[in-house]
Amino acid sequence: MSGEADVLFEEIGLAGVITLNRPKALNALTLDMVREIRPKLKAWAGDPRIARVIIRAAGDRAFCAGGDIRALHDWGRARAPEFLDFYREEYQLNAFIKHFPKPYIALLDGITMGGGVGLSVHGSHRVATERLTFAMPETGIGLFPDVGGTYFLPRCPGAVGMYLGLTGARIKAADALNAGIATHAAASADLPALLERLTEATDVEDALAAYARPPAEAPLAAMRDSIDRHFRGDSVEAILASLESDPGEWAQQNARALRGKSPTSLKIAHRQLKEGAKLGFDDCMRLEYRLVNRVFEGHDFYEGVRAVIIDKDQEPKWQPASLAEVSPAMVDAYFAPLPAELPL
């Protein structure tokens with residue numbers, strides 16, 4: 001993967017192969033990468049020589065750690081159009097992947113968060129290795145679990161999606177499989193052979209089965225009763241109160257985690273996931289575009305990125321600073337229709 005391009009495209013046997021190629025940046029997704037991937041997918045969708053698409057990443061640390069958050073922060077601060085351009089085109093790419101007419105196989109080997117989730121979880125096949133670390137950490141930077149989180153998180157079993165979306169908890173391959181985020185498992189060391197098999201095999205499922213390496217028991221499965229009991233609350237305040245009333249270490253740890261997140265983001269995310277359970281995929285993406293337009297005009301995203309990524313003091317000064325100060329009207333404003341909704 002020595003080429004200088006940030007994303008590489010190859011046609012190997014029956015497959016179109018995409019390689020995210022920014023390993024030093026944990027393959028963080030840029031606007032230029034989004035703009036290269038979508039037209040290539042469109043071309044492959046109509047190409048009878050290409051039976052499937054495989055997306056993988058260079059390096060040994062990450063599939064894709066998310067969007068290029070520092071660039072987005074700087075664009076937003078400058079009120080540059082590229083901020084909303086990125087989210088509009090990224091969400092359109094997410095929708096294109098969801099509706100892709102051929103098998104779309106993501107090889108999730110390493111950190112997979114935020115924008116990397118959007119590049120993978122909506123495809124037909126998501127192969128997790130033992131090196132997978134999956135998370136949707138957006139509430140910790142004043143954002144919300146986007147890139148289709150509105151759709152896939154509510155469709156995780158029980159209240160697992162709400163737990164992941166609010167807390168930003170990190171999970172490994174076994175939990176990703178249990179939650180339906182991954183569809184298959186394989187050993188990291190087997191990925192080169194699996195890739196070769198996938199470019200040649202007539203049947204994708206047979207190829208994946210040949211290299212299946214089911215991981216150990218999923219830790220979250222053992223916590224389902226606690227997750228469902230605490231995270232099915234009708235409000236963020238109810239969830240937090242439930243956690244705080246439980247003296248167990250797990251509950252107290254998650255209560256502390258929630259108290260550190262943006263209060264506005266938590267309330268947005270809670271409503272977002274409740275609404276997403278009742279919406280089709282495209283309407284979920286339109287909803288996310290409404291939300292990110294309001295984030296662009298707000299405070300907490302810029303403050304969260306400053307605290308976590310730029311200054312790294314881990315002490316964001318959220319505005320408002322408490323859940324009690326985030327009124328229903330303030331939340332409603334995030335969900336109000338736009339003059340021009342996301343075109344899909």
Side-chain angles (χ1 to χ4, degrees), residues 25-29 57 61-73 76 86-87 90-91 94 108 110-121 126 128 131-154 156 159-173 175-176 179 181-182 219-220 227 231 236 239-240 243 250 253-270 272-273 276 288 291-292 295 298-318:
L26 301 180
N27 296 309
L29 187 64
R61 296 177 61 198
F63 171 74
C64 174
D68 190 339
I69 295 297
R70 178 59 191 266
L72 288 161
H73 168 279
F86 176 86
Y87 283 105
E90 181 187 30
Y91 295 172
N94 298 155
L108 304 179
I111 298 167
T112 303
M113 299 183 184
V117 176
L119 288 177
S120 57
V121 75
R126 291 90 65 188
R131 299 199 303 188
L132 172 69
T133 298
F134 171 98
M136 295 295 286
E138 289 81 6
T139 58
I141 57 167
L143 195 57
F144 58 92
D146 66 334
V147 295
T150 310
Y151 184 85
F152 79 84
L153 286 172
C156 293
V160 167
M162 185 66 74
Y163 162 69
L164 294 175
L166 293 185
T167 66
R170 299 184 176 198
I171 61 173
K172 304 297 286 182
D175 284 322
I181 290 162
L220 284 190
I227 290 171
F231 283 87
V236 179
I239 291 171
L240 186 57
L243 289 166
W250 181 89
Q253 177 184 349
N254 280 285
R256 288 192 297 272
L258 290 186
R259 286 195 293 269
K261 310 299 184 186
S262 159
T264 302
S265 291
L266 288 175
K267 287 204 170 182
I268 290 169
H270 185 271
Q272 165 202 358
L273 300 187
E288 292 185 10
L291 297 176
V292 84
V295 166
H299 167 272
D300 277 8
F301 173 72
Y302 307 108
E303 173 60 12
V305 175
R306 180 208 64 76
V308 175
I309 293 172
I310 299 174
D311 296 339
K312 300 182 180 179
D313 58 29
Q314 310 301 322
E315 294 184 2
K317 303 297 188 291
W318 305 122

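Along the sequence shown, residues are numbered consecutively beginning with 1.
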**Message:** Please enumerate all residues that pass side-chain hydrogen bond (donor to acceptor under 3.5 Å, both in side chains) together with D175, with sequence neighbours excluded.
**Reply:** none
**Request:** Verify the distance criterion only: is there a donor paired with an acceptor across the side chains of Y87 and D146 at less than 3.5 Å?
**Result:** no
**Request:** Take the angle between the ring planes of Y163 and W250 and call it parallel below 30°, perpendicular above 60°, tilted in between.
**Result:** tilted
**Item:** Approximate separation, where rounding is to 0.5 Å, of L132 CG and I171 CD1
**Value:** 7.0 Å
**Message:** To check you understand the geometry: which heavy-atom pair defines the closest contact between V308 and G140, and what is its length?
**Reply:** CG2-O, 3.9 Å
**Any side-chain heavy-atom pair of D68 and F86 under 4.5 Å** = no
**Item:** Set of salt bridge (Lys or Arg N to Asp or Glu O under 4.0 Å) partners for K261, sequence neighbours left out
**Value:** none
**Prompt:** Taking only residues two or more places apart in sequence, or in another chain, which ones meet R70 in a salt bridge (Lys or Arg N to Asp or Glu O under 4.0 Å)?
**Reply:** D74
**Prompt:** Between atom OG1 of T264 and atom CG of L143, what is the distance when rounded to the nearest 0.5 Å?
**Reply:** 12.0 Å
**Message:** Does M113 form a side-chain contact (heavy atoms from CB on, under 4.5 Å) with T133? I'd like the steps, not just the answer.
**Reply:** CA-CA 8 Å; M113 299 183 184; T133 298; 4.1 Å; yes
**Item:** Nearest-0.5 Å distance that lies between atom CE in M136 and atom CG in L273
**Value:** 9.0 Å
**Prompt:** Taking S262 for the side chain and G142 for the main chain, is one N or O donor matched with an acceptor at less than 3.5 Å?
**Reply:** no
**Prompt:** Nearest heavy-atom pair of A128 and A182: which atoms, and what distance?
**Reply:** CB-CB, 3.8 Å
**Complete:** E288 meets the side-chain hydrogen bond (donor to acceptor under 3.5 Å, both in side chains) criterion, sequence neighbours left out, with T150
**Fill in**
Closest non-hydrogen contact found for G276 with P154 is C-CG, 4.1 Å
**Prompt:** According to the side-chain hydrogen bond (donor to acceptor under 3.5 Å, both in side chains) rule, which pairs have a member within residues 304-313, sequence neighbours left out?
**Reply:** E303-R306, R306-D311, R306-D313
**Prompt:** What residues form a salt bridge (Lys or Arg N to Asp or Glu O under 4.0 Å) with R259, not counting sequence neighbours?
**Reply:** E244
**Message:** Determine whether a donor-acceptor pair (N or O, by modelled atom type, separation under 3.5 Å) exists between the side chain of R126 and the backbone of I181.
**Reply:** yes
**Message:** Please give me the minimum heavy-atom distance between L166 and A269, naming the atom from each residue.
**Reply:** CD2-CB, 3.8 Å
**Asked** Side-chain contact, heavy-atom cut-off 4.5 Å: F134 with V117?
**Response** yes
**Request:** Please confirm whether the backbone N or O of P145 pairs with a side-chain atom of Q272, one donor and one acceptor, at under 3.5 Å?
**Result:** yes
**Request:** Walk me through it: do F63 and I111 pass the test side-chain contact (heavy atoms from CB on, under 4.5 Å)?
**Result:** CA-CA 6 Å; F63 171 74; I111 298 167; over 6 Å; no
**Asked** If only atom types and distance count, is the side chain of K267 paired as donor or acceptor with the main-chain N or O of S265 below 3.5 Å?
**Response** no
**Message:** For Y302 together with W318, are the ring centres under 6.0 Å from each other?
**Reply:** no
**Asked** Is there a side-chain contact between C64 and L26, using heavy atoms and a 4.5 Å cut-off?
**Response** no
**Message:** Using the rule given for side-chain contact (heavy atoms from CB on, under 4.5 Å), can you reason through H73 versus I309, listing the C-alpha separation, both sets of side-chain angles and the distance that settles it, and then say yes or no?
**Reply:** CA-CA 10 Å; H73 168 279; I309 293 172; over 6 Å; no
**Asked** Do T139 and F144 touch side chain to side chain, with heavy atoms closer than 4.5 Å?
**Response** no
**Message:** Side chains of F231 and L243, heavy atoms from C-beta outward: is any pair under 4.5 Å?
**Reply:** yes
**Complete:** On a heavy-atom basis, the closest approach of G114 and E138 is CA-OE2, 3.3 Å
**Test item: N27 side-chain N/O and A57 main-chain N/O as donor-acceptor pair under 3.5 Å** = no
**Prompt:** Would you say M162 and I227 make side-chain contact, with heavy atoms under 4.5 Å?
**Reply:** no
